[in-house]
There are 2 protein chains.
Amino acid sequence: MAKKTTIYDIAKELNITVSTVSRALNNISTISESTRASVLATAKKLNYRPNKIASSLTSGKTYIIGILVPSAQIQFFASVIHALEKYLKSFGYSILLYQTNESLESEKNGIATLLEAQVDGIIASMSLETQDVSHFEKVKEEGKPLIIFDRTHDDLQSPNVKIDDEYAGYLATQHLLDQGYRNIAYLTTRHSIKIFRERFEGYQRALREAGIPPTPEHAVFGELTVEGGYAGTQQLMGLKNQPDAIIGGDDYVALGIIKALHEKGITPPEIGVIGFANQNFSEHIIPSLSTIDQQAIKMGKECAKMFLKIIEQSPLAENNITPVVLEPLLLARASTRRKQ
Amino acid sequence: MAKKTTIYDIAKELNITVSTVSRALNNISTISESTRASVLATAKKLNYRPNKIASSLTSGKTYIIGILVPSAQIQFFASVIHALEKYLKSFGYSILLYQTNESLESEKNGIATLLEAQVDGIIASMSLETQDVSHFEKVKEEGKPLIIFDRTHDDLQSPNVKIDDEYAGYLATQHLLDQGYRNIAYLTTRHSIKIFRERFEGYQRALREAGIPPTPEHAVFGELTVEGGYAGTQQLMGLKNQPDAIIGGDDYVALGIIKALHEKGITPPEIGVIGFANQNFSEHIIPSLSTIDQQAIKMGKECAKMFLKIIEQSPLAENNITPVVLEPLLLARASTRRKQ
DNA sequence: ATGAAAGCGCTAACAC
DNA sequence: GTGTTAGCGCTTTCAT
């Protein structure tokens, strides 16, 4: 291939200077319509393609924003990424993706990588391993916006977007109570990410408000996987005091619950099952799975909006950014439909 | 925040020149161990963070590779992205993501955007709308590697990674025949992307080899969605000549098939149902769904390997790159298990 | 409305 | 083993 054409080539071709070319290309202030047109024409003729790297070096803006997530394979994150990219693209931003795979070590490297790439900001959700959050502080030290979504952390003050997780747990439990279930178990996981704790608290609050003291042995902490749901259910069904409904920490856990029940000849809603996340299969399995929708698409869009809002302020003052709290949505389906 | 520290600051601090600093930082050839150590030390002390943008401008390499896919929300692509990022990261590459959302227009913009960002190469899978592929040629014109995966196109000669789709269709059909099904229908979609046509051809070949002439009315072309599967199944069940097994164009279509059958009081494997893609729910629904695994993770990894292989050649000669064809994997599960 | 020139932070010859 | 210097392609004052 021939050497790449630069604004110098355009300038030479038209006997003008690069500054004029640059102005024409960026459609800046006082450019005569005629030169603008001719620049654009020769740019096209010479097959010119702007070099964003060069422009970034001078302007200090890359129009790239870093997305740091546990894994693109987790559908919730895939959906957030999808929405983020789709929305930010329309404002001229591209997405640089980094997956932590739930590793703190990788998360640290990710922040460094994104920062070295000179991203204009970072939108992140924490790994399960993360306890110390000091690596996130570096983003702010560089004066770049940092937005945390879904998996927030007590120690990190940052603009954030999440759903009301306590209410999500409450909502799931309340729904089961409404359907007449009384002996409600909960399969979740244990760690410092707030959301799981908050949901669990919502579960306990709903029970208490219904005058039902939470049964300790009905709270099982395990893995958030199909296998985890399966194992947890076996444990629960081995109790003298068997539950009549089980809340799964997410929809995969719920799948495991259904599987374990099925092997015992039980089909929901005989024992009620509800999950979290509204995975795309949940609506379509038989029986269809009740779940709490976490509004991934909306969350992605809200993150993008928040980023744009922060970036257009100067100087960057993140303090006046109000956190966005989305409302969890109860999707009541067959797996909990005891009453008509 | 203070002004960013550059290699000039390190140089000044140590009374050496930037070239020495640069060499030390990049661990180049003949650097005395002592200066290297002191440079690294002061770099750390001054909180130095390399500016990849600046380095890219001189070196011509960004260590960023562009990923262009229809949508990160389609699980297959999410898995490929996951594998790609995970693998390439270990070689120092970052991922710039662009979604076409199945739009040709967007695909063209995507190629332009990625090229302007000076990516070192592009790994792409085509949108369903794509017929003319000239925008992809621009990548090669810039002398950058272009790898196509899964959704290839007759008109575009490029290194590629895919599964043997004809065989995938054959495999699914053969499996149903093995299970004693004889009247096998196929719900798919129609367009210029090769893979769907090839799978369909595999289906026809399997039937012919079994001495069963394909029934035209058993080939239904619709949307590759749950709704498409549902509608197609209703159409098929309205025929005098009802099928005894249905192949879904993907696992979502299969979900729609099962749903429609369920409403008629039929549960697989009474009528056999098999899908494509091995979505993560397929194993866990009841009855578990037979499917053809497309090896998304492996495909991502193979793309990454191919990219690295191409990039380390000089000059870039993509002609000698043998396409990688992965073998589709039959996952025979309950939805087709007629025989013991 | 356009030109001249400095410089963004780094790399890579080429010297010594 | 280290210094000097010229860019990479673009933006952006400051002139005119």
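Proteins get letters first, then strands, A, B, ... in listed order; numbering begins at 1 in each. Atoms considered below: every heavy atom in the structure, side chains included; atoms not considered: hydrogens, waters and symmetry mates.
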From [options], pick the nucleotide closest to the side chain of [X]?
X	options	result
B:Arg23	C:dT2, C:dC14, D:dC10	C:dC14
A:Ser32	D:dT2, C:dT2, C:dG9	C:dT2
B:Ile7	D:dT2, C:dC10, C:dA1	C:dC10
B:Thr58	D:dC10, D:dG7, C:dA1	D:dG7

Would you kindly compare B:Arg36 and A:Ser19 by the position of their nearest DNA chain D nucleotide and give the one closer to the 5′ end? B:Arg36
Just how far, in rounded Å, is [atom2] of [N] from [atom1] of [X]?
X	N	atom1	atom2	value
A:Gln118	C:dC8	CD	P	14 Å
B:Ile53	C:dC10	CD1	C1'	12 Å
A:Lys61	D:dT11	NZ	P	14 Å
A:Lys12	C:dG3	NZ	C1'	17 Å
A:Leu57	C:dG7	CG	C1'	9 Å
A:Tyr48	D:dC10	OH	P	4 Å
B:Lys52	C:dC10	NZ	P	14 Å
B:Leu25	C:dG9	CG	P	15 Å

Counting the atoms with a prime plus P, OP1 and OP2 as sugar-phosphate, which does A:Asn15 contact under 4.0 Å by heavy atoms, base, sugar-phosphate, or nothing? sugar-phosphate
For B:Ile16, report the nucleic acid contact type (base, sugar-phosphate, nothing); a contact means any heavy atom under 4.0 Å. sugar-phosphate
Using 0.5 Å steps for rounding, measure from the CZ atom of A:Phe77 to the CE atom of A:Met299. 9.0 Å
Which of these passes side-chain hydrogen bond (donor to acceptor under 3.5 Å, both in side chains) with B:Thr130: B:Arg151, B:Glu107, B:Glu102? B:Glu107
Between B:Ser32 and B:Thr35, is any side-chain donor less than 3.5 angstrom from a side-chain acceptor? yes
When you compare the side chains of A:Ser79 and B:Gln73, does any donor N or O come within less than 3.5 Å of an acceptor on the partner? yes
Does atom NZ (B:Lys309) have a neighbourhood of more than 12 heavy atoms from anything else shown, all under 6.0 Å? no
OP1 or OP2 of [N] sitting under 4.0 Å from any side-chain N/O of [X]?
X	N	value
A:Asn26	D:dT11	yes
A:Thr35	C:dT2	yes
B:Thr17	D:dG3	yes
A:Ser22	D:dT12	no
A:Tyr8	D:dG7	no
A:Thr20	C:dG3	yes

Please determine whether any donor N or O and acceptor N or O are separated by less than 3.5 Å between the side chain of B:Arg49 and the base of C:dG9. no
Quick check, are the ring centers of A:Tyr93 and A:Phe307 under 6.0 angstrom apart? yes
